[in-house]
Amino acid sequence: PGMISLAYKRSIMGYTRFLSARALARQPSPIRALQPLSQIPGMISLGGGVPNPQLFPITDLSFRVKGREAPVTLSSNLLGQALQYSNSYGLPSLLDHWKDVLQREHAASPYYRNQDKELAVMATTGSQDAISKAFDMILNPGDSLLLENPTYCGALSSLHPLRLNLVSVQTDSQGLIPEDLANTLNKWQSDRPKPKALYTIPTGQNPSGTTIPLCRRKQIYEIACDHDLLILEDDPYWFLHYREETQPESFFSMDTEYRVLRFDSLSKVISSGLRLGFVSGPKELVEVMQLDQQVSALHACGISQAVASELFTQWQESGFNEHVQSVRTFYKEKRNICDELARKYLDGLAEWAVPTAGMFMWFDCKGIEDTKSMIETKAREKKVLLVPGEAFRPDGNASSCVRASFSLSTKEQMEEAMKRLREVIVSQ
């Protein structure tokens, strides 16, 4: 154990300043450490408590893919991997597919030019799982974390029990404002430890729908370098962008100092029920998260990983791109309908920016300082569900905003919802 611990500590030396006390105390699982060794040809394992696959009742697994007549059947080898304990990083075939996607989507990333810096990718139980593990890895009670105001309420739910100082950075119709980030850090009191990280949702932000333009992303990255911040780039809506022009380069793509952890999700483009996400970034940091995975979920669901892997194999690059484009076209039309109906019923009552990515409209209700009671009482009485802006504020203060999702409802349902929301706002 001492030798393992020393090797682990040596591997993370360049990033120890960012790690929490819990992360620094983690040790590799002695049982999990045997798993890759058991794959060596000729190795006889009496080590791990691995169930005998002869007793697994599932002998084959097939599924159908939209647009294809013949069913897809998992090979006996892939099914065998899916049904058994596997590597905590994920099934090799799925990781290979996702690394190909990363390289196509973020080709400018320094990882693809610098052979001395190793990129690590780990599959997780949805990107939310990866984000929670990242928070645990870097944050001690009392630490400060920079994040957008508003921000994803799921992240806030994960953060609040950690007893942190959540530092809001202001946003506008173009997302996080670099000047406010710089001002916050430049005026930081010298007797208090500075934040270690910035958590940001740069594309189709949840809840505001904003996408940070490239010029701002470059400014934000430069500020992160100047103040020695990690960037936690939560990007589940990367593939759901609606502009014709090229999408802004990711923080991952411009990460010359290797301080970005990128979080991707298959929920919005393949299936939310598969519960598959990925974290990508410096090996030293992803390895620490992998130690967390070793003692929590062990690994992401094998069946989900195998299905996704085979789907990528069947699609190849062209099939995946076609599918993503169809998803993008579908949600863009939903966005257009929602905006059209909002103009029809909420003009003069609320303000909003048309989102260029994602699934959400963010309405700022005029003359209403706190939408919580209005949405949670009167809107529900009218049988329309929305989320009050307070849920997305790091400080929990009242908000004049409301989040609406346009992903599920039909045009007729959206129109009725806008009518009901109008009635609720007018009654205030």
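As a basis for the values below, the full set of heavy atoms in this structure was taken, side chains included, without hydrogen atoms, waters or symmetry mates. Along the sequence shown, residues are numbered consecutively beginning with 1.
Between Lys372 and Asp370, none of the side-chain N atoms (NZ, or NE/NH1/NH2) sits under 4.0 Å from a carboxylate O, so this pair counts as no salt bridge. Salt bridge status for Asp264 with Arg262: present, with a side-chain N to carboxylate O gap under 4.0 Å. The pair Lys344-Glu415 counts as a salt bridge, with a side-chain nitrogen and a carboxylate oxygen less than 4.0 angstrom apart. Using a 4.0 Å cut-off between a side-chain N of Lys or Arg and a carboxylate O of Asp or Glu, Glu416 and Arg420 qualify as a salt bridge. A salt bridge links Lys117 with Glu284; the closest basic N to acidic carboxylate O contact falls under 4.0 Å. A salt bridge does not link Lys194 with Asp143: none of the charged nitrogens is closer than 4.0 Å to a carboxylate oxygen. Under 4.0 Å is where a charged nitrogen must lie from a carboxylate oxygen, and between Asp339 and Arg335 no such pair does. Glu244 and Lys332 are joined by a salt bridge, as a carboxylate oxygen and a charged side-chain nitrogen come within less than 4.0 angstrom of each other.
In terms of modelled atom types and a separation under 3.5 Å, the side chain of Ser20 and the main chain of Ala23 share a donor-acceptor contact. A donor-acceptor pair under 3.5 Å links the side-chain atoms of Asp180 to the main chain of Gln170, judged by distance alone. The backbone N or O of Ala182 lies less than 3.5 Å from a partner atom in the side chain of Asn186, making a donor-acceptor pair. Here the side chain of Arg22 pairs a donor or acceptor atom with the backbone of Leu139 at under 3.5 angstrom. Trp188 contributes a side-chain N or O that, together with a main-chain N or O of Arg192, makes up a donor-acceptor pair within less than 3.5 Å. In this structure, the side chain of Asp255 engages the main chain of Tyr258 through a donor-acceptor pair within 3.5 Å. With hydrogens and angles disregarded, a donor-acceptor distance shorter than 3.5 Å links the side chain of Arg17 to the backbone of Gly14. One N or O on the side chain of Arg217 and one on the backbone of Ile212 form a donor-acceptor pair closer than 3.5 Å. No donor-acceptor pair closer than 3.5 Å links the side chain of Glu148 to the backbone N or O of Thr200. In this structure, Thr151 contributes its side chain and Leu147 its backbone to no donor-acceptor pair below 3.5 Å.
The side-chain heavy atoms of Lys411 and Glu340, taken from C-beta on, include a pair separated by under 4.5 Å. Counting heavy atoms from C-beta on, the side chains of Ile220 and Leu181 come closer than 4.5 Å. With a 4.5 Å cut-off on side-chain heavy atoms, Leu119 and Tyr112 count as touching. Counting heavy atoms from C-beta outward, Glu105 and Ser250 have side chains that stay 4.5 Å or more apart. In this structure, Gln314 and Val65 have side chains that are not in contact, with every pair of non-hydrogen atoms separated by 4.5 Å or more. Residues Asn77 and Leu79 form no side-chain contact, since every pair of their non-hydrogen atoms from C-beta on lies 4.5 Å or further apart. Counting heavy atoms from C-beta outward, Glu351 and Leu346 have side chains that stay 4.5 Å or more apart. Counting heavy atoms from C-beta on, the side chains of Arg403 and Met361 never come closer than 4.5 Å.
Of the inter-residue distances, the one linking Asp136 atom CG with Ser158 atom OG reads 8.5 Å to the nearest 0.5 angstrom. Between Asn87 atom CG and Gln39 atom CD the span is 8.5 Å, to the nearest 0.5 Å. Here the CG-CZ distance, from Leu232 to Phe135, works out to 6.0 Å after rounding to the nearest 0.5 Å. The SG atom of Cys365 sits 6.5 Å away from the CG atom of Leu421 when rounded to the nearest 0.5 Å. Once rounded to the nearest 0.5 Å, the distance linking CZ of Phe330 with OG of Ser407 reads 8.5 Å.
Residues Thr124 and Asp129 bring no donor and acceptor atom of their side chains to less than 3.5 Å of each other. Side chain to side chain, Arg216 and Gln219 fail the donor-acceptor criterion of an N or O pair below 3.5 Å. Side-chain polar atoms of Ser267 and Ser272 form no donor-acceptor pair below 3.5 angstrom. Inspection of the Asp234 and Tyr199 side chains reveals an N or O donor paired with an N or O acceptor under 3.5 Å.
Here the closest heavy-atom approach between residue Asn140 and residue Ala21 is recorded as OD1-N, 2.8 Å. Here the closest non-hydrogen pair linking Pro195 and Leu229 is O-CD2, 3.1 Å. Of all heavy-atom pairs spanning Leu276 and Ala300, the tightest one is CD2-CB, 4.0 Å.
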Phe252/Tyr111 under ring-ring contact (aromatic ring centres under 6.0 Å, His included): CA gap, chis, key distance, verdict: CA-CA 9 Å; Phe252 177 77; Tyr111 287 104; 5.6 Å; yes
Residue pair Phe251, His106: steps toward the side chain to side chain contact (heavy atoms under 4.5 Å, CB included) verdict: CA-CA 9 Å; Phe251 289 114; His106 312 281; over 6 Å; no
Test log, rule side-chain hydrogen bond (donor to acceptor under 3.5 Å, both in side chains), inputs His97 and Thr313: CA-CA 8 Å; His97 282 304; Thr313 298; 2.8 Å; yes
Stepwise side-chain hydrogen bond (donor to acceptor under 3.5 Å, both in side chains) check, Glu423 with Tyr345: CA-CA 9 Å; Glu423 291 172 5; Tyr345 291 101; over 6 Å; no
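Atom CD of Glu369 has 12 or fewer heavy atoms from other residues, nucleotides or ligands within 6.0 Å.
Of the residues Trp352, Phe392, Phe406, the one that meets the ring-ring contact (aromatic ring centres under 6.0 Å, His included) test with Trp362 is Phe392.
Note on ring orientation: taking the six-membered ring where Trp is involved, the planes of Phe320 and Trp315 are tilted (angle from 30° to 60°).
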